[in-house]
Amino acid sequence: MTTSSPAALSSIPLHIIVGDLVDQSGLSQRDLAARVGLSKDQICRTLKGTRHLSLEEAGSMLAAAGLPARGALTLALFDRRDLASEWSRSGMAAFLETLVAALPDALAAELAKSSDRVDPRWGPAVAKFVAQRIASHIDELIEREEKLGEFRPAGALRG
C-alpha cells in the first residue's frame with residue numbers, strides 16, 4: 001500500500017490504525033484499558049471511532065500494548081500500515097522511532113548552511129541512499145558486536 005505522494009498522509013482514520021495494531025499485539029481491551037487508565041467502554045468506543053482519539057492517546061495505547069508507538073504511528077500515518085504491523089513485531093519500528101527522533105538535529109547540523117537550498121524532489125533518492133548507508137553500517141555493527149560476543153538481535157519484541 002503506497003501513496004502517490006511521499007508526503008500524503010493516510011486517509012484511514014486513526015482509530016482504525018490503532019485498533020489494528022492493538023489487535024495484532026494480542027492485548028485484550030480490558031488489559032489495555034487497565035494499562036492506559038480508561039474504562040473498557042472508553043477503549044471500545046475509541047476503537048470503534050465513536051469517541052475522539054488524540055494522537056497522544058493513540059501513542060499511549062500503542063505503548064501500553066508493547067509497541068513502539070511513534071515508529072508504528074509514523075508508518076501508519078504515511079499509509080504504510082503493512083509495515084507498521086510487520087515492523088512493530090521486530091526491532092524495525094523501534095529503530096525507526098529512534099532514527100526519526102534523532103534525524104532533525106542531525107539534518108540541522110549537517111545541512112545548516114544549505115537547508116534553504118534543499119529540493120523536496122530529492123527525497124526519494126536521498127531516502128534510498130540513506131537506507132543503503134544504514135544497511136551497510138548495521139552490517140558493520142553486527143559484525144563488530146558478534147566478534148565481541150555482544151550481539152543481541154531485537155527479533156520479536158513480544159514472546
Side-chain angles (χ1 to χ4, degrees), residues 1-109 123-124 127-128 130-131 133-135 137-146 148-159:
M1 176 186 322
T2 59
T3 60
S4 57
S5 166
L9 292 178
S10 176
S11 60
I12 299 166
L14 186 58
H15 73 276
I16 292 175
I17 292 169
V18 171
D20 287 351
L21 291 168
V22 167
D23 285 347
Q24 292 172 19
S25 77
L27 188 67
S28 71
Q29 286 187 8
R30 183 175 312 284
D31 289 339
L32 180 63
R35 291 182 184 184
V36 296
L38 297 173
S39 70
K40 185 177 178 305
D41 178 63
Q42 287 174 308
I43 293 289
C44 185
R45 287 187 296 118
T46 300
L47 297 179
K48 285 182 180 177
T50 59
R51 179 181 172 274
H52 174 72
L53 175 62
S54 69
L55 199 51
E56 180 181 341
E57 193 172 57
S60 296
M61 291 172 77
L62 292 175
L67 302 171
R70 288 181 282 178
L73 283 173
T74 298
L75 288 164
L77 290 173
F78 281 96
D79 219 11
R80 293 309 308 262
R81 285 183 359 176
D82 55 334
L83 288 180
S85 173
E86 179 184 336
W87 287 10
S88 289
R89 292 188 299 267
S90 73
M92 286 297 292
F95 172 78
L96 177 66
E97 185 170 306
T98 59
L99 175 69
V100 169
L103 192 56
D105 290 335
L107 287 172
K128 183 175 181 177
V130 169
R133 293 295 307 254
I134 289 171
H137 185 63
I138 286 176
D139 287 344
E140 291 171 9
L141 291 172
I142 290 170
E143 184 177 322
R144 187 177 319 143
E145 286 190 4
E146 283 178 337
L148 296 172
E150 297 175 354
F151 179 62
R152 293 179 304 277
L157 294 178
R158 291 175 314 279

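Keep in mind that what you see is a predicted model, and the values were worked out from it rather than measured. All values below were derived from every heavy atom in this structure, side-chain atoms included, with hydrogens, water molecules and symmetry-related copies excluded.
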Taking every non-hydrogen atom, the tightest pair across Ala69 and Ala63: CB-N, 4.0 Å
Atom pairs and distances, donor-acceptor, side-chain atoms in residues 12-21, under 3.5 Å, two or more places apart:
residue: Asp20; atom: OD2; partner: Arg81; partner atom: NH1; Å: 3.2
residue: Asp20; atom: OD2; partner: Arg81; partner atom: NH2; Å: 3.1

Closest heavy-atom pair and its distance - Ala84, Ala76: CB-N, 4.0 Å
Exercise: identify the closest heavy-atom pair between Pro68 and Ala93: CG-CB, 3.4 Å
Heavy-atom pair of closest approach, residues Ala65 and Leu27: CA-CD2, 3.7 Å
Straight-line distance of Trp87 CH2 to Asp82 CG, nearest 0.5 Å: 9.5 Å
Derivation of the side-chain contact (heavy atoms from CB on, under 4.5 Å) call for Met92 and Leu75: CA-CA 11 Å; Met92 286 297 292; Leu75 288 164; over 6 Å; no
Partners meeting salt bridge (charged side-chain N to carboxylate O under 4.0 Å, His left out) with Asp41 (sequence neighbours left out): Arg45
Pairwise distance CG(Leu32) to CE(Met61) - rounded to 0.5 angstrom: 4.5 Å
From Leu73 atom CG to Leu67 atom CG, the distance as rounded to the nearest 0.5 Å: 9.5 Å
Ser85: partners by side-chain hydrogen bond (donor to acceptor under 3.5 Å, both in side chains), with sequence neighbours left out: Gln24, Arg89
Which atom of Val36 lies closest to which atom of Ala64, heavy atoms considered: CG1-CB, 3.5 Å
Gly49 backbone acceptor or donor facing Arg51 side chain under 3.5 Å: no
Test side-chain contact (heavy atoms from CB on, under 4.5 Å) applied to Leu55 and Leu77, step by step: CA-CA 11 Å; Leu55 199 51; Leu77 290 173; 4.2 Å; yes
Crowding at CD, Glu146 (>12 non-hydrogen neighbours, <6.0 Å): yes
Distance in Å, Arg70 CZ paired with Thr98 OG1, rounded so as to fall on 0.5 Å steps: 9.5 Å
Between CG on residue Leu53 and OG1 on residue Thr46, distance to nearest 0.5 Å: 6.0 Å
Pairwise distance CG(Asp31) to NZ(Lys40) - rounded to 0.5 angstrom: 10.5 Å
